[in-house]
Protein chains: 2
Amino acid sequence: MRLVIARCSVDYVGRLTAHLPMATRLILIKADGSVSIHADDRAYKPLNWMNPPCTLKESDGTWTVTHKNGEQLVITVEEILHDSTHELGVDPGLRKDGVEAHLQELLAERIEVLGKGWTLIRREYPTAIGPVDLLCRDHTGACVAVEIKRRGEIDGVEQLTRYLELLNRDPLLAPVRGVFAAQEIKPQARVLAEDRGITCVTLDYDALRGREDDSLRLF
Amino acid sequence: MRLVIARCSVDYVGRLTAHLPMATRLILIKADGSVSIHADDRAYKPLNWMNPPCTLKESDGTWTVTHKNGEQLVITVEEILHDSTHELGVDPGLRKDGVEAHLQELLAERIEVLGKGWTLIRREYPTAIGPVDLLCRDHTGACVAVEIKRRGEIDGVEQLTRYLELLNRDPLLAPVRGVFAAQEIKPQARVLAEDRGITCVTLDYDALRGREDDSLRLF
DNA sequence: CTCTAAATTTCGCAC
DNA sequence: GTGCGAAGTTTAGAG
């Protein structure tokens, strides 16, 4: 990894055209050839960047980064204030917990929390337009499609609506109703869902993992 | 901006729980207090980060970054291999060209490329659920709602569908049909749009900007 | 403050 | 490779 602090201007031509006027910035060159330009604010997003695979060519004060697909980043370096290179090695990577897949797993294991007598037909029930997170039957034997999100927004309701429309064309399953389950459901998503007869369920991740009582609230 | 190369392990607790085992990485501390941890690959995304506003507290080998909303990033530093601080000043920022706003502007100026005799009613036509990109009339005087995207995906079709449903409730406008215009339209989005009677139009950005002939293709 | 839509989104998986 | 959905998405803008 090479760290350069330099006065530079930058031009990107690719998916769009963008220009950075001359100023002092961090140029970060990584072992995979990727380059990013950082200002002194914002943790996440670089001002400008080039994803791997790409190659850097230095010529005079002009550094040209070219991507395989033709995108180009041209850095015009006026003055270098710092330049150091460091060996980092391969990173062991990030271990995550708490994502949607895990929510799905937990809810599948405790499907009865959605209602007494509910049973799971299967997780990732395949349809022509994609897999339904959970397909189950309620205590009456009626089919229910469950869409699980970490944060429930309008998109998720639309997605579930498309699944329901498709599933209800199958005479072996119909009538299928929907449950929209998320750790947090945005008000507009809730309104849209309920307007379509979809039940909203707020999931409590810690409770789902810990105890089976009190693990969610029905509204 | 402070650049630290260090052997460290990192724990994030917030929207999820994540752990980075001990390894050598770049720790980037910016003037706004934000912190990001980078491995030696990938230009864009840090391994771990904390967005501003947040505060860093160093105590012994433990650096704790706390966000206003309670999220926390704990960096356990075993060995510091490099540590330098640099004054960068405020960045003049990025100038972009070619984004959706510009596409909308260009298409509004050349609305006749959608069809002979078409006229623009207005850009950003306001509705209760948000502004319609372009509202126009075709050669017969019938109302058309145009949704413009850089890349046309299912979400955009759903968005346009919601607008059309609303606009068609207005007796002064109805019947309103839809045009889905994008530089690139994903196959599934095209199928969904056409199934709903929405016309798909592929925009050529350079041609739109350059000449008015040949500036788009209707499928 | 919330909510929505865009992003050079990136990233990962499945086909 | 393409397509599609998730992401600690982040970011910008409107209400």
Side-chain angles (χ1 to χ4, degrees), chain A residues 10-18 34 36-37 41-52 54 67-73 93-94 96-104 124 126 129-131 133 147-151 153-156 158-159 183 186-191, chain B residues 10-18 34 36 41-52 67 69-73 93-94 96-104 124 126-131 133 147-151 153-156 158-160 162-163 182-192:
Chain A
V10 184
D11 288 279
Y12 165 76
V13 179
R15 281 168 283 185
L16 55 65
T17 301
S34 65
S36 55
I37 321 281
D41 62 354
R42 290 193 194 91
Y44 191 79
K45 200 183 169 182
L47 283 169
N48 234 325
W49 68 94
M50 186 65 79
N51 289 326
C54 62
H67 192 275
K68 247 176 103 172
N69 65 15
E71 293 177 50
Q72 240 182 12
L73 196 66
L94 191 67
K96 287 185 198 177
D97 187 23
V99 285
E100 187 193 313
H102 201 187
L103 272 179
Q104 190 192 109
E124 302 285 349
I129 55 170
D133 287 342
E147 177 66 32
I148 302 168
K149 295 279 181 215
R150 202 181 58 73
R151 283 199 309 195
E153 300 181 26
I154 281 181
D155 282 5
E158 298 286 15
Q159 196 181 334
Q183 283 186 286
K186 295 289 173 75
Q188 295 223 0
R190 183 182 297 275
V191 169
Chain B
V10 185
D11 287 281
Y12 165 76
V13 178
R15 282 169 283 184
L16 55 62
T17 301
S34 66
S36 56
D41 62 354
R42 290 196 186 90
Y44 189 79
K45 203 182 167 183
L47 283 169
N48 234 326
W49 68 93
M50 187 63 80
N51 289 325
H67 191 276
N69 64 16
E71 293 176 52
Q72 240 183 11
L73 196 67
L94 192 67
K96 288 185 197 179
D97 186 24
V99 284
E100 188 194 312
H102 201 188
L103 271 179
Q104 188 192 109
E124 302 285 350
T127 77
I129 55 170
D133 287 342
E147 177 67 31
I148 302 167
K149 295 277 181 218
R150 201 180 59 74
R151 284 198 308 193
E153 301 182 26
I154 282 181
D155 282 5
E158 298 286 15
Q159 195 181 334
L160 178 54
R162 290 195 295 272
Y163 289 141
Q183 284 186 284
E184 178 200 351
I185 299 180
K186 296 288 173 72
Q188 295 221 359
R190 182 181 298 275
V191 168
L192 182 63

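We name chains A, B, ... by the order of the sequence lines, and we start the count at 1 in each one. Quick caveat, the model's predicted, so the values are computed rather than measured.
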Checklist entry - Given that Glu147(A) and Arg151(A) both sit by DNA chain D, which one's nearest nucleotide is further toward the 5' end? => result Glu147(A)
Next on the checklist: If I take atom OH in residue Tyr12(A) and atom C1' in nucleotide dA7(C), what distance separates them, rounded to the nearest angstrom?
Outcome noted: 11 Å
Checklist outcome for this item: Closest to the side chain of Lys149(A), out of dA5(C), dC11(C), dG5(D), is dG5(D)
Checklist entry - Counting any heavy atom closer than 4.0 Å, what does Leu73(A) reach on the DNA or RNA strands: base, sugar-phosphate only, or nothing? => result nothing
Item to check | Pairwise P distance for dT10(D) and dG12(C), with rounding to whole Å | outcome: 16 Å
Next on the checklist: Between dA7(D) and dA7(C), how many Å separate the two C1' atoms, rounded to a whole number?
Outcome noted: 13 Å
Item to check | dA14(C) and dG8(D), which share atom name C1', separated by this distance in whole Å | outcome: 24 Å
Checklist entry - What pair of heavy atoms forms the shortest contact from Glu147(B) to Lys149(B), and how long is it? => result OE2-NZ, 3.3 Å
Checklist entry - Heavy atoms under 4.0 Å, any strand shown: does Asp155(A) hit a base, just sugar-phosphate, or nothing? => result nothing
Protein-nucleic acid N or O pairs under 3.5 Å, nucleotides 13-15 of chain C:
none

Next on the checklist: Do His102(B) and Leu16(A) have side chains that approach each other closer than 4.5 Å (heavy atoms only, starting at C-beta)?
Outcome noted: no
N/O-N/O pairs, protein side and nucleotides 1-4 of chain C side, under 3.5 Å:
residue : atom : partner   : partner atom : Å
dT4(C)  : OP1  : Gln188(A) : OE1          : 2.5

Item to check | Nucleotide dG5(D), atom P - distance to CD of Glu158(B) in whole Å | outcome: 11 Å
Next on the checklist: Between Asn48(B) and Leu73(B), does the side-chain contact (heavy atoms from CB on, under 4.5 Å) criterion hold? Intermediate values first, please.
Outcome noted: CA-CA 8 Å; Asn48(B) 234 326; Leu73(B) 196 67; 3.7 Å; yes
Item to check | Qualifying residues under side-chain contact (heavy atoms from CB on, under 4.5 Å), relative to Asp41(B), sequence neighbours excluded | outcome: Asp32(A), Ala39(B)
Checklist entry - Which nucleotide, dA6(D), dT8(C), dT10(D), lies nearest any side-chain atom of Trp49(B)? => result dT10(D)
Item to check | Shortest non-hydrogen contact between Asn51(B) and Ala43(A), atoms and distance | outcome: OD1-CB, 4.0 Å
Checklist entry - Between atom CG in Asn48(B) and atom C1' in dC11(C), what is the gap in whole Å? => result 16 Å
Checklist entry - In whole angstrom, what separates Leu103(B)'s CG from dA5(C)'s P? => result 18 Å
Next on the checklist: My understanding is that only residues two or more places apart in sequence, or in another chain, count here; which of them pass salt bridge (charged side-chain N to carboxylate O under 4.0 Å, His left out) with Asp155(A)?
Outcome noted: none
Checklist entry - Base, sugar-phosphate, or nothing for Tyr44(B), non-hydrogen atoms under 4.0 angstrom? => result sugar-phosphate
Item to check | Contacts of type salt bridge (charged side-chain N to carboxylate O under 4.0 Å, His left out), residue Glu153(B), not counting sequence neighbours | outcome: Arg151(B), Lys186(B)
Checklist entry - Tell me: CZ of Arg150(B) to P of dT8(C), nearest whole Å? => result 8 Å
Checklist entry - Taking only residues two or more places apart in sequence, or in another chain, which ones meet Glu184(B) in a side chain to side chain donor-acceptor pair (under 3.5 Å)? => result none
Checklist entry - How many Å lie between CD1 on Ile148(B) and P on dA7(C), as a whole number? => result 12 Å
Item to check | Between dT8(C) and dA14(D) - C1' atom distance, rounded Å | outcome: 24 Å
Item to check | Value in whole Å for how far the P atom of dT9(C) lies from CG of Leu16(A) | outcome: 7 Å
Checklist entry - Listed by chain and number, what are the side-chain contact (heavy atoms from CB on, under 4.5 Å) partners of Arg162(B), not counting sequence neighbours? => result Ile154(A), Glu158(A), Ile129(B), Glu158(B), Gln159(B)
Next on the checklist: Could you tell me how far apart Gln104(A) (CD) and dA7(D) (P) are, to the nearest whole angstrom?
Outcome noted: 11 Å
Checklist outcome for this item: Contacts of Glu71(A) meeting side-chain contact (heavy atoms from CB on, under 4.5 Å) (sequence neighbours excluded), chain-then-number -> Tyr12(A), Arg15(A), Met50(A), His67(A), Asn69(A)
Checklist entry - Is a donor on one side and an acceptor on the other found under 3.5 Å between the side chain of Tyr163(B) and the backbone of Pro131(B)? => result yes
Next on the checklist: If the condition is side chain to side chain donor-acceptor pair (under 3.5 Å), which residues does Gln72(A) pass it with, not counting sequence neighbours?
Outcome noted: Thr66(A)
Please write out the pairs of protein N or O atoms and N or O atoms of nucleotides 12-15 of chain D separated by less than 3.5 Å, giving the distance to one decimal.
residue : atom : partner  : partner atom : Å
dA12(D) : OP1  : Arg42(A) : NH2          : 2.9

Checklist entry - For dT10(D), does OP1 or OP2 lie under 4.0 Å from any side-chain N or O of Arg15(B)? => result yes
Next on the checklist: Can you see if the side chain of Asn51(B) gets near the phosphate of dG8(D) - specifically, an N or O under 4.0 Å from OP1 or OP2?
Outcome noted: no
Checklist entry - Are Pro46(A) and Tyr44(B) close enough that some pair of their side-chain heavy atoms sits under 4.5 Å apart? => result yes
Checklist entry - If you pin Glu71(A) and Lys45(B) to their nearest nucleotides in DNA chain C, which one's is more 5'? => result Glu71(A)
